[in-house]
Amino acid sequence: MALMQRVENGQLVDNSAGATSSSTNKSNAASKSTSGLGKEAFLQLLVAQMQYQDPLEPMDNTEYVAQLATFSQLEAIQNMTDRVSYSMANDLVGKYVILNTATGNASGKVDYVMYENGDIYLAVGDGLYSLDDLDTVADSAYFEAFQMASVFSDMIAKLPPVSKVTKADASAIENARKVYDAMNSYQQGFVSKEDLDKLVALENKIKELTGTEGGSGEEDSSDKEEDSEVTDG
């Protein structure tokens with residue numbers, strides 16, 4: 001026989017207990033909001049099943065035991081998962097991380113870990129980020145390479161497309177080249193092929209606009225040397 005019981009706000013209400021029982025259920029639900037059906041709520045549900053079952057067709061006791069055993073297993077798994085998450089978060093303190101958030105990437109060293117309402121937050125720079133946003137944990141060499149590649153990528157993104165480049169962009173293009181050349185081979189491996197290809201194309205376009213192979217700086221130097229030779233002669 002099907003069990004019938006009034007439900008309020010997603011909680012089973014014990015009709016015989018009145019408003020006091022309803023308030024208790026809401027309090028228990030709020031305290032377990034982060035972990036689904038709590039142990040107390042499960043036991044209340046089990047008691048409700050026993051209380052409102054058909055006395056002529058009682059449910060098998062083994063079914064209750066099986067339900068309780070299943071819940072105990074799920075609770076143990078949840079507790080173990082929480083402990084692993086807390087341990088992992090604590091181990092991140094002092095390490096460099098890259099986070100993928102809804103508003104974009106964030107990166108830096110984890111200063112401390114904060115726990116609030118069952119959620120775990122990492123303090124990186126001036127912000128707090130959910131542990132769920134964690135994308136990469138890096139050592140100092142990896143993080144430095146990532147940062148330098150990001151700076152280079154930002155510089156390339158600010159440069160105009162090849163079709164619109166002018167002589168006025170020569171200095172910015174030269175600065176981008178200096179940043180790339182300052183990287184070691186490991187760091188250069190973090191630079192995307194698209195960014196590097198755009199830099200080379202822009203450099204070639206500048207050479208066309210200035211009419212030199214080596215750029216305006218080399219042309220001026222060559223001219224000065226030739227003038228010097230003529231004067232000495």
Side-chain angles (χ1 to χ4, degrees), residues 88-89 91-114 120-233:
M88 182 181 72
D91 288 341
L92 291 176
V93 176
K95 295 184 179 179
Y96 293 97
V97 297
I98 301 171
L99 303 128
N100 186 11
T101 70
T103 57
N105 288 334
S107 59
K109 182 185 291 186
V110 179
D111 296 320
Y112 61 90
V113 177
M114 187 175 75
I120 304 174
Y121 296 94
L122 305 177
V124 179
D126 296 329
L128 283 174
Y129 302 91
S130 171
L131 181 63
D132 295 335
D133 294 332
L134 181 64
D135 180 77
T136 305
V137 181
D139 61 14
S140 57
Y142 181 98
F143 184 75
E144 183 180 3
F146 174 83
Q147 290 289 83
M148 293 191 68
S150 297
V151 170
F152 177 78
S153 182
D154 289 341
M155 296 179 70
I156 295 299
K158 293 177 182 178
L159 293 173
V162 177
S163 60
K164 296 183 179 180
V165 69
T166 66
K167 292 180 180 180
D169 299 309
S171 177
I173 294 172
E174 182 179 357
N175 288 337
R177 169 55 68 178
K178 289 179 178 179
V179 169
Y180 179 79
D181 289 343
M183 301 181 191
N184 56 40
S185 58
Y186 175 72
Q187 294 165 345
Q188 288 176 351
F190 284 72
V191 174
S192 69
K193 184 178 183 300
E194 291 76 12
D195 286 343
L196 188 56
D197 287 346
K198 181 179 179 180
L199 175 61
V200 173
L202 289 171
E203 289 175 327
N204 291 334
K205 186 63 177 180
I206 287 295
K207 291 176 183 178
E208 292 179 8
L209 294 175
T210 58
T212 63
E213 282 296 320
S216 58
E218 293 185 6
E219 180 184 29
D220 293 342
S221 177
S222 177
D223 290 343
K224 289 179 181 179
E225 290 179 0
E226 290 179 359
D227 291 341
S228 177
E229 291 176 359
V230 171
T231 301
D232 292 341

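Note that the structure is a prediction, hence the values are computed from the model and not measured.
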- Query: Would you say the side chain of Leu92 lies within less than 4.5 Å of the side chain of Leu134, judging by non-hydrogen atoms?
  - Reply: yes
- Note on the structure: Applied to residues 148-157, the side chain to side chain donor-acceptor pair (under 3.5 Å) test, sequence neighbours excluded, yields Ser153-Asp195
- Query: Near Lys198 NZ, under 6.0 Å, is it more than 12 heavy atoms from other residues, nucleotides or ligands?
  - Reply: yes
- Does Gln187 use its side chain to pair, donor to acceptor, with the backbone of Asn184 at less than 3.5 Å? yes
- Message: Quick check for you: to the nearest 0.5 Å, what is the distance between Thr136 atom OG1 and Tyr142 atom OH?
- Response: 5.0 Å
- Query: Any idea which heavy atoms bring Ala89 and Leu131 closest together, and the distance?
  - Reply: CB-CD2, 4.4 Å
- Item | Reported CG-to-CG distance for the pair Asp133 and Leu128, which is rounded to 0.5 angstrom | 11.5 Å
- Reported OH-to-OG distance for the pair Tyr96 and Ser107, which is rounded to 0.5 angstrom: 10.5 Å
- Item | Interatomic distance, Ile98 atom CD1 to Phe146 atom CZ [nearest 0.5 angstrom] | 4.0 Å
- Query: How many angstroms lie between CZ in Phe152 and CG in Asn175, if you round to the nearest 0.5 Å?
  - Reply: 11.5 Å
- Can you name the nearest heavy-atom pair linking Ala149 to Val191, along with the distance? CB-N, 4.2 Å
- Task: Examine distances only and state if a side-chain atom of Glu203 and a backbone atom of Ile173 form a donor-acceptor pair shorter than 3.5 Å.
- Result: no
- Query: Between Pro160 and Leu202, which heavy-atom pair has the shortest distance, and what is it?
  - Reply: O-CD2, 3.5 Å
- Query: With no hydrogens and no angle check, is any side-chain donor or acceptor of Lys205 less than 3.5 Å from a backbone partner on Val165?
  - Reply: no
- Check whether more than 12 heavy atoms from other residues, nucleotides or ligands sit under 6.0 Å from atom CG of Asp126, and answer yes or no. no
- Item | Non-neighbouring partners of Tyr186 that pass ring-ring contact (aromatic ring centres under 6.0 Å, His included), sequence neighbours left out | Phe190
- Query: When rounded to the nearest 0.5 angstrom, what is the spacing between OG1 in Thr166 and NZ in Lys164?
  - Reply: 12.0 Å
- Message: Does any part of the side chain of Leu99, heavy atoms only, come nearer than 4.5 Å to the side chain of Leu122, both counted from C-beta?
- Response: yes
- Message: If the condition is side chain to side chain contact (heavy atoms under 4.5 Å, CB included), which residues does Asp181 pass it with, not counting sequence neighbours?
- Response: Arg177
- Query: Do Asn105 and Asn100 come close enough that some side-chain heavy atom pair is under 4.5 Å?
  - Reply: yes
